[in-house]
Amino acid sequence: MLMNLFCSSPLLAAAAPRRGFWMPEQASTVSGEIDSIFMLITWISVFFFVLIVVLMGYFMVKYRRVEGHKSAASPSHNTPLELTWTIIPVIIVIVIFYMGMTGYINLRSVPVDAYEIDVTAQKWGWTFQHPSGAIETETLTIPKGRPVRLMMTSQDVLHSLFIPAFRVKQDVVPGRYTYLWFEASATGRYDLFCTEYCGTGHATMGAVVEVYEEDEFEEKLEELLRWIEDIPEERLFVAGKRLYNRCVQCHSLDGAPGIGPSFRETHELWGQERRLADGRTVTVDENYVKESIIYPAQDITEGYGNLMPSFRGQLRERELRALVQFIRHLDRFDDEGNLLEEWQ
Amino acid sequence: MSTLSTHPSGTNYLNHTRGIMSWIFTLDHKRIGMMYLCSVLLSFFVGGMLAVLIRLQLWSPEASLFTQDQYNQIFTLHGAIMVFLVIIPSIPAALGNFVLPIMLGAKDVAFPRLNLFSYHLWVVGALVFLLALVTGGLDTGWTFYTPYSTDTDSAMGGVIPALTAAFILGFSSIFTGMNFIVTIHRLRPPGMTWFRMPLFLWAIYATAIIQVLATPVLGITLMLLAVERAFGIGIFDPSLGGDPVLYQHFFWFYSHPAVYIMILPAMGIISELISIHSHKHIFGYKFIAFSSIAIAIFGFLVWGHHMFTSGQSSLMNVIFSFITFSVSIPSAIKVFNWLATMYKGSISLNTPMLYALSFIFIFSIGGLTGLHLGTLATDIHLHDTYFVVAHFHYVMMGSALLAMIGGMHHWWPKMTGKMYSEFWGRIGCGLVFLGFNLTFFPQFMLGSQGMPRRYAQYDDYLPETVQLFEFYHQLSTIGSLVMAAGFFLTAGYLLHSIFFGVRAPANPWGGRSLEWQCASPPPHDNFAETPTVGDCYDFSVLEWDEKEQGYTWREDVPRPGEEGTG
Amino acid sequence: MNNDRSKTSSPESHDDHHGVGHVVPIRYLVLNGIALLILTVITVAAAQIDFTQWDIYELNVIGAIAIATVKAVLVCLFFMHLFWDRRFNSFVLVSSIAFVGLFMALAMLDTSEYADDKIRGDSENIQRLLEEARSASGSAE
Amino acid sequence: MSHSHEQHGHGDHPEHLGHHWDNLQQQFEAGKLGMWLFLATEVLLFGGLFVAYAVWRGNNPELYAYGSEYLDVTMGAVNTVILILSSLTMAMAVTYAQLNRQKALLVCLILTFLGACGFMLIKFFEYSDKIQEGILPGAAFYDPPPNLEASNYWNPDLPIIDRHTLLALRIEAAEREREGRPAQIDRPRFGEVSSVAPAAVGPAGFDPDAVRARHVRGEKSKVHPLQDPNRPVNAHMFFNIYFMMTGLHGIHVLVGMIVIGWLIYRAALGHFGSDYFTPVDLGGLYWHIVDLIWIFLFPLFYLI
Ligand code: HEA
Ligand code: HEA
Ligand code: CUA
Ligand SMILES: [Cu+2]
């Protein structure tokens, strides 16, 4: 019965077949070890708790005050006894500490060949960027059986990336990089939470981790890059909006200059002359925008530095076109980047 | 020596002067203590009602009662009120103020004017807190983490008033602590040596050390934060080159020791309650006394355990995890000593004793789950989930606050001169105990299953997750209603006793510390004559007096003064 | 009753009791003041020495702090009477400093450990501010 | 209060003795202990700022080497002397109070007060200088001085060194080098672009060694920080801490002036004497801690 209670609850078995009573399903290589540390501490706690409560209950009943009964004389201190219950906990906590530390060192030691994903947190959403350039926001697609390392930073306030099934968590801090690694050990879909309070949307700042077998994963990744093929040519600007994720740090949509000129400005100059830093002028058109993305250093816009990374090789032809269409038809979006009603 | 056992014939501190002004500007530590008690209970009521709103919101996953912004304000206010207005002043400033000088055998605390000033600061702090509500609300969480709190686009407008309020409340707490340290050092009457002090005083003393040494750091932290938010200077704000993790060091350097400000006096109360209501000498006096000091000191070394996932370096994580465990040892010592005190005692299951037993039960759970959190590998999973919420409610609400309620029952006859209904007292305690565990135990599972804290809703996730969370949240909500019922009942019979209660004897429980030697309620100057001090845990000299309905000195035993000690 | 209190609570024995507390002769105070002024001169002078030429950059810092500490000790002992006071008062002061030291040591250790994770260079916000300053001052080019 | 006197029946209760004390010695010592505890809280209050100082200094020593050049050592040194002297007069005041020398007590207190005024006056000049030059903490640091012509540092011929200017300088320097001419900027180094994501790049072209060397040679940087290609990243951080610490210290001096003013008032009324001088003593302790903190602030900001 007790065992049942602590390992898996029959009550909840139907709801969540793979969950334990305490811990969610084990889906990463470290979860087993962490769960066993957790259970060890829990059992130690149960032992002491039961010991204390049983003694307390027993004394409560046995030495209950009855008429005429006086408290029996018993020593008011006993140093050996007191030292005993000092030293035993000391030993126990040292063991616990040690196990916790080794488990933690595992959690922080990234295997060298880890698959790297860049993570950017923003109020209130995540952007995951794969090495191939594929970007996702609602899901995090990863392979099973391959170590994955997340390099994370935040655009605004603190966030924290938490995947209960993997037993990993790390705050995402603006102005610096933090990392996290794990190796999924079971395919499936798992929750990803934001666990550092970040304001209004904190409770909904989640995503789903999707773990696939290696070959399936490659396919998914392809798909992530290919999604754009499925969008009809005349609505490519919508796809461009999605790709804009990668430009958002430097280009705004509301006209405010950032590291680079706002796309709103570029849009408004469409078909007109643009002054460059070296004094030349150039007409803002499809070609110019494309060139700007692939060879940013060629035409430095006046008032800005040569800071834009080249996206050559990272964007395919159709994606490029989508971005161009997006900038060209920016009047179909509002300043926050939402599609206006009539274009939905 | 007539005052030792008979009813007061003349005035007491309650009626010796009259009029509201005689209270607001009183210098009498007992009146100040009572004013603190009322204020703290009022704040507790407000904070508790906010807690009930939290629970109602979380009844269903889509949580339709409040918007996310409203919910964020509610839990922030709940946490901030409970921490800064309730639990930190509760035992030291309210009960401590009342009993400390009497227990010590002094006429007052060392600096009565400063004491009153502390209380006035508390009131001002509370009012400024209200200002935060009208200036746009407060939604940062009680931890005020940067850059959220310093970014005027993120956090609501009430941050600076709230920081000011916490700053003022901090100084209120500092002055109380200073006052107590000086009182204990300089106002012990002849015979009251350090090791004759009741353990409650040791606990208050250890608490005062923390109050004096840790709270100023909170002061400067809040000041920096306010300047940061008002002028954008960039010590903590990364958008100006600052370091948000440094802020967390600053915050927890105060706030971890602060949790021991909450629990140490509670432990002191429990030492008194267990011993007095078991009518047995406390076991291991010195171990308990020194463990209080040890907790106070070690408590300063572990703040980083709140930052295991914050981006703190791995090296520091390991160091802090290691030291964290050192605080659990003195706590363990105390728990075992309390048990040993009960052994072969003669235990009266009075309401205060029931609270003390609840304390041991609940504190064991709360403290032991602290081990899960102090362990690095598991805290990574548990941090910022409901497991932490459950942990700290077990230690703050279930331990510190229940100890305070227990202590309040224990000294209620002394404070008000009236006995409350023992029957309803036990029922109330039972309801609170059951409701409490029903509220917070499910939150452990909720947390270890991954439910993050500070979530206004939880419907956005995988269906089976949501279903599981919902189940536990509902248990928790039901529990909180039971607990609320228990507290309302308690408030009811206590109020009733003030007006209709039986007159209390000087010593209803059979305590030997000095406060039981003066009348109930005590006279203005506490003692007509300087009391004589003996072993305050030697109960063999007292006996039940039927006429008195309280304990009196045994006829056949000489008093310490008479036998020539002292 | 008062006797044993006042015995334990009177300060050290060389108290020649004008009322309560210890009277510090003006002579001592003036000497102390002069010592402090001399040390101030030394600090300023020491800061001019170029320790960097021998590749020991931090000596300036250490030296300055050491001298400041000596000055602080002088102020505490004589101006603030700690030399004659109860030891407990000194203990209070020393422990407050010790706790600051503790806080400082652990915070510095941590921040230096993770310093490498920080993103280098001016933050975006500061870049924006500079940009604004540039266009406001009109001094560009 | 009179009420309580009757109650505990101490007929011989001295005038300044609170009703809950046995004797003056006990009360005096309690006051003193209370004050020392308060001073401990002051130490921790400032301690927080010292920690901020140490953390930034430990990781970015160049900020301090750079920033301190904009402070005026003479003013700082004069202020140190003033505070030490006023501490001396304060300590003397305590002795005179204990010796019942009313006149000397009053003179010493007034001298102390004047010292405090002098300190604040010099602080006022220092601060207004900084405001004039636009050398301010936080975001305000990145505003050019309010009055460009009046500024001692501003060089109208130089651009503000922002990212773009720095870039231009870099290109120019590279070209010069190629043409065999010496580079004009001192070994500029640039913020590294992380491999992970396009990082913010800023004027990181700061060479601590060069600045140290210049500092030691006694050369002041004559350029406004905004125009200085050697300005370290986050140069404002030095001024954040400078203003926070000296500002908080200044507030303490102001409070000290109120306290001393009150002591002067009471001393003038002849309230203090050998049996009652606690306020002078405690006020003195407070004043000394203010001095003590300045003793550290002076070298930490102005000298190193
Ligand atoms: C009264 C308040 C109080 C008390 C007493 C404690 C006591 C302890 N706390 Fe708790 N804690 C809080 C209030 C408190 N805490 C709060 C408010 C938070 C969250 C703040 C926030 O984020 O908002 C928190 C969070 C918190 C964390 C951070 C969790 C996280 O955010 O990730 C950690 C981690 O180490 C921790 C650990 C401990 C430990 C080890 C103890 C120990 O002192 C416990 C010692 C007690 C025992 C161990 C039990 C008794 C002993 C026995 C029964 C004998 C057997 C013992 C052994 C074998 C060792 N606490
Ligand atoms: C002492 C501190 C304390 C106390 C007592 C409580 C009490 C309660 N708390 Fe609170 N809580 C905190 C401190 C406390 N809490 C803190 C610090 C946080 C973190 C905030 C943050 O994240 O920033 C928190 C957060 C918190 C959360 C998490 C919110 C979130 O993360 O989204 C929840 C959720 O269930 C909760 C619930 C409760 C409940 C149901 C009670 C109940 O126990 C309340 C019961 C009380 C009553 C119902 C009032 C009845 C009173 C009277 C009738 C008058 C009393 C008179 C007499 C007895 C005489 N609390
Ligand atoms: Cu993002 Cu919480
Ligand atoms: Cu803690």
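So that the names make sense, note that chain A is the first sequence line, chain B the second, and so on, each numbered from 1.
Using a 4.5 Å cut-off between heavy atoms, Leu226(D) touches chain C through its side chain atoms alone. Proximity to chain D (any heavy atom under 4.5 Å) is restricted, for Thr40(C), to the side chain, taken from C-beta onward. In this structure, chain D has a heavy atom under 4.5 Å from the side chain of Ala115(C), while its backbone stays farther away. For chain D, no part of Phe78(C) is nearby; none of its heavy atoms comes within less than 4.5 Å. When heavy atoms are compared at a cutoff of 4.5 Å, Thr69(C) approaches chain D by way of both its backbone and its side chain. Within the 4.5 angstrom heavy-atom criterion, no atom of Asn60(D) approaches chain C. When heavy atoms are compared at a cutoff of 4.5 Å, Ser87(D) approaches chain C by way of both its backbone and its side chain. Contact annotation for Val92(C): both backbone and side-chain heavy atoms come within less than 4.5 Å of a heavy atom of chain D. Contacts between Trp287(D) and chain C at a heavy-atom distance below 4.5 Å are absent for every atom of the residue.
For the pair Val94(D) and His81(C), the minimum side-chain heavy-atom distance is below 4.5 Å. Between Lys32(D) and Asp85(C) the shortest side-chain heavy-atom distance falls below 4.5 Å. Residues Val61(C) and Arg57(D) have side chains in contact (heavy-atom distance under 4.5 Å, counting atoms from C-beta outward). You'll find the side chain of Lys71(C) reaches within 4.5 Å of the side chain of Ile67(C), heavy atoms only.
Of the listed residues (Asn32(C), Ile126(C), Asn125(C), Leu109(C)), the one with the most heavy-atom contacts under 4.5 Å to chain D is Ile126(C). Counting heavy-atom pairs closer than 4.5 Å to chain C, the top-ranked of the candidates Asn100(D), Asn59(D), Val81(D) is Asn59(D).
Each of Leu285(D), Ile289(D), Asp281(D), Thr278(D) was scored for a side-chain contact (heavy atoms from CB on, under 4.5 Å) with Met35(D), with one residue passing: Leu285(D).
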Could you go through residues 36-51 of chain D and list every donor-acceptor pair under 3.5 Å that involves a side-chain atom there, pairing it with any protein atom two or more places apart or in another chain?
from, atom 1, to, atom 2, distance (Å)
Thr41(D), OG1, Phe38(D), O, 2.5
Glu42(D), OE1, His252(D), NE2, 2.6
Glu42(D), OE2, His252(D), NE2, 3.1

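Formation of a donor-acceptor pair under 3.5 Å by the Thr89(D) side chain with backbone atoms of Ser86(D) is found in this model.
Residue pairs satisfying the salt bridge (charged side-chain N to carboxylate O under 4.0 Å, His left out) criterion with at least one member in residues 100-117 of chain C, sequence neighbours excluded, are listed as follows: Arg176(A)-Asp117(C).
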